[in-house]
Amino acid sequence: MSSTVRKLIQKKFKIRGYTLKIDALDQILSFTNRFLGAEDEALDLLLDHLQSQSLRSSILDKEPVSRAITALLEADDAVDEDFIANGAVSSSTSAIRVIDAFLIPKFRYDPIKKQFHEHTGGLHIHGDASAKAALYKDRFLLLYQRVLRDSHFSKPAFHTEMSHYGSCEIAPIQSLVGQMGRRWVMGVISQLEDGHFYLEDLTASVITCGFPPLEERDKSLKSLAQHDFFGGGTLTKEETLRLAELEKRSLNDMFVILSDIWVDSEEAMGKLETVLDGFESQEVVPSLFVFMGNFCSHPCNLSFHSFSSLRSQFGKLGQMIGAHQRLKEHSRFMFIPGPEDAGPSTALPRCPLPKYLTEELQKHIPNAIFASNPCRVKFYTQEIVFFRHDLLYRMRRSCLMPPSTEETDDPFEHLVATITHQSHLCPLPLIVQPIIWNYDHCLHLYPSPHTIVLGDKSEQKAFKYTGITCFNPGSFSNDSTFVAYRPCTQEVELSAL
C-alpha cells in the first residue's frame, strides 16, 4: 500500500513541477497515512498550500514540507475544536444524515455534450406519458456513458485490437443493417411482442443480450464534475479530510438493522425487547437502530381494517424503546416502511409511514426518523443505501435466463451482481414492480455507494462485491435474525437470538 501511495505522491508533485528529496517524501507519506481513503484530497490540499508559499527552489526537502504540514494540521485541529464546540459533531448520532428518496436531486445525461445536467423545477408524482419513456432512456444513458469509459469498450487508438474479437467499440443497433462481421451493441431488454424478447437502444432492436461492466466508485466520482448524485451535499477538500479524520475516531459506532418488526405480534415484540435489553447494557450503545417493515404480520391493504389497533401498537413500541434510557438518550431510531405496510400505493419509492400510525410512538421517541423506502444515509464520508423489498423472490420469478453457476450458485450473490452492474435497486419491468416515473432516479446506484442494505424476507446473507458491502439482515419476526454493522470498517456481524 505504501509503495502505491509513494508513486501517487511523486506523480502529483511532478505534475505541479516539484522534485522531492527522500526525507520530504517520507514526511508526506506520514501525512497521508492520517487520511486513509482520502489521500488524493490530502495531497491536493498540501500542494495548494505549498504553492501559496514563496519557495526558493522546486526541489523540496523536509523543512518546507514540514512547515506546510504543521500549518494544515493546526488549522484542522482548530476547526475540529470549533466544530465540536458549536455542537456540529457533538456525538456520533449528529454525524448521521438521512436523505429522503423524494429529495434526491435528479440528473440527466446529455449524449451530445457528454455531461450530466441537473433537473430544475418540480417533479410531479403523476407523470405524463413522456415521463415513462424518459425513465428507460435515462437508465440506458446512465449505463451507456459508464460503459463508454470502460477500456474494453472504448474506441481503440491507432486501430489496435482490444481483444481477439477485434474492436469492442459500442455501435448503435441501427448501424447493423447491411453490415457483416461481429459488432458490439448495448440496449435494454424489452418485450415488443408476446413470447419474444429484444435488445433495444435509442435507434433499433436486435435479438441478443449482454451485461454492462461495473465501474469503480472513484472513477465515477472523477467523471461527475462535483455533481451530488447521492443527495448529501458536496464537500470541499478540507471538509472531506476533516470528516475522514473524525470517521477514523468513530470505530466504536454501530448500526443495528432489523427487518420485519411485527408490532402486532407479542412474540416478535418480546424478542425485540430482548435485543434492546442486550444493547442497553453494553458499554457503548449503537449510534443507530434501523427498523425496517413490514410492521404488521398482515398486509395493510384494502381488506385491512385494524389501523387504530396498529396505531396503539406503534405507541407500545415507543414505550418499550423509551423504557431503555441509555438507548433513548444516545441512539437514533429510524423506521423504513416495507412492501406491505400502509401507504398511498405500492409503487416505488414509497413515502414514510403515515403520521396517523406513528404519532403515539413519536410522543415517546421525539427524535425518531421516519424515512422513505428506499432511503440513503450519509455517515461522515460513508454512503449507505437502505432498501426494504422482497427483491430476491421477484427477481428470480422474472428471470429470463438462469444465472451462470460458474462463479457462484448463491442467489443472493447473483442479485447483488445484477443490481450493481445495472446501477439500479430494482431493475424489473414496471408491470412486475411499479415505479413512479419521475422518481426512478431515486433507485439509481450511481456512483456505487459504500454499502447497500437489502431488507428481504429470504435467508440472512452478507456479500462484499467489488468493494461494495451488501447484506440482508433477514426476517427478524420469522427467524430472529438481525445485523450489527460497523460503518467505519464496513464490518458486518450476522446476528440472531
Side-chain angles (χ1 to χ4, degrees), residues 1-86 88-89 95 149 151 157 215-228 233-253 378-383 447 450 467 487-490:
M1 179 65 183
S2 60
S3 61
T4 306
V5 179
R6 279 177 182 270
K7 289 178 182 177
L8 176 66
I9 293 169
Q10 290 170 326
K11 179 182 176 182
K12 278 185 170 288
F13 274 76
K14 187 175 181 181
I15 289 172
R16 300 274 190 114
Y18 294 117
T19 302
L20 293 172
K21 292 186 176 181
I22 295 296
D23 55 355
L25 179 60
D26 290 338
Q27 189 82 2
I28 297 166
L29 185 63
S30 176
F31 171 69
T32 56
N33 285 340
R34 295 172 60 94
F35 306 102
L36 296 177
E39 292 90 350
D40 260 345
E41 292 84 352
L43 287 171
D44 287 340
L45 195 61
L46 178 59
L47 280 162
D48 290 343
H49 189 81
L50 282 168
Q51 287 192 321
S52 68
Q53 309 298 314
S54 53
L55 300 174
R56 289 176 293 179
S57 170
S58 62
I59 301 174
L60 300 179
D61 57 18
K62 184 178 179 180
E63 186 183 349
V65 170
S66 293
R67 283 201 310 268
I69 290 174
T70 302
L72 286 175
L73 293 179
E74 285 177 354
D76 185 59
D77 290 340
V79 172
D80 275 354
E81 289 171 9
D82 185 54
F83 216 47
I84 294 169
N86 290 330
V89 187
R149 285 198 300 275
S151 59
E215 182 176 76
E216 291 182 359
R217 172 183 169 83
D218 289 343
K219 189 174 181 181
S220 299
L221 290 173
K222 286 179 181 177
S223 69
L224 294 179
Q226 300 300 314
H227 288 316
D228 176 28
T234 55
L235 299 172
T236 64
K237 291 174 185 176
E238 292 87 346
E239 289 169 334
T240 302
L241 289 171
R242 186 161 60 251
L243 288 174
E245 182 68 20
L246 290 171
E247 186 178 310
K248 283 173 62 179
R249 304 173 193 171
S250 306
L251 294 175
N252 289 329
D253 281 278
K378 192 82 177 272
F379 181 74
Y380 293 114
T381 64
Q382 296 284 316
E383 294 182 355
H450 297 92
C488 295
T489 58
Q490 297 184 19

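No hydrogens, no waters, no symmetry mates; every other heavy atom, side chains included, goes into these values.
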What I'd like to find out is whether the side chain of Leu60 reaches to under 4.5 Å of the side chain of Thr19, using heavy atoms alone.
no
Any side-chain heavy atom of Leu25 sitting closer than 4.5 Å to one from Lys21?
no
How long is the gap from CD1 on Ile9 to CG on Leu43, to the nearest 0.5 Å?
5.5 Å
Check whether any side-chain N or O of Lys219 sits under 3.5 Å from a backbone N or O of Arg149 as a donor-acceptor pair, and report yes or no.
yes
Please report the C-alpha distance between Tyr18 and Ile59 in whole Å, then the side-chain angles of each, then the deciding distance to 0.1 Å, and finally whether the side-chain contact (heavy atoms from CB on, under 4.5 Å) criterion is met.
CA-CA 6 Å; Tyr18 294 117; Ile59 301 174; over 6 Å; no
In the structure I gave you, are the side-chain heavy atoms of Asp48 and Arg16 within less than 4.5 Å of one another anywhere?
yes
Side chains of Leu45 and Phe31 in contact at under 4.5 Å (non-hydrogen atoms):
no
What pair of heavy atoms forms the shortest contact from Lys378 to Thr381, and how long is it?
CE-O, 4.1 Å
More than 12 heavy atoms of other residues, nucleotides or ligands under 6.0 Å from NZ of Lys14: is that the case?
no
Minimum side-chain heavy-atom gap Arg6-Ile28 below 4.5 Å
no
Verdict with reasoning, Asp26 to Lys62, per salt bridge (charged side-chain N to carboxylate O under 4.0 Å, His left out):
CA-CA 9 Å; Asp26 290 338; Lys62 184 178 179 180; over 6 Å; no
Could you give the distance from CD (Glu247) to CD (Glu245), rounded to the nearest 0.5 Å?
10.5 Å
Heavy-atom side-chain contact between Asp253 and Phe379 under 4.5 Å:
yes
Which value, rounded to the nearest 0.5 Å, describes the distance between Cys488 atom SG and His450 atom NE2?
11.0 Å
Could you measure the distance from the OG atom of Ser58 to the CG atom of Leu20? Nearest 0.5 Å is fine.
10.0 Å
I need the Thr32 OG1 to Lys12 NZ distance, nearest 0.5 Å.
11.5 Å
One should read off an interatomic distance between Asp23 CG and Glu63 CD, to the nearest 0.5 angstrom, of 10.5 Å
Are side-chain heavy atoms of Gln27 and Ile69 found at a separation under 4.5 Å?
yes
Above 12 or not: heavy atoms from other molecules or residues under 6.0 Å from CG of Leu221?
yes
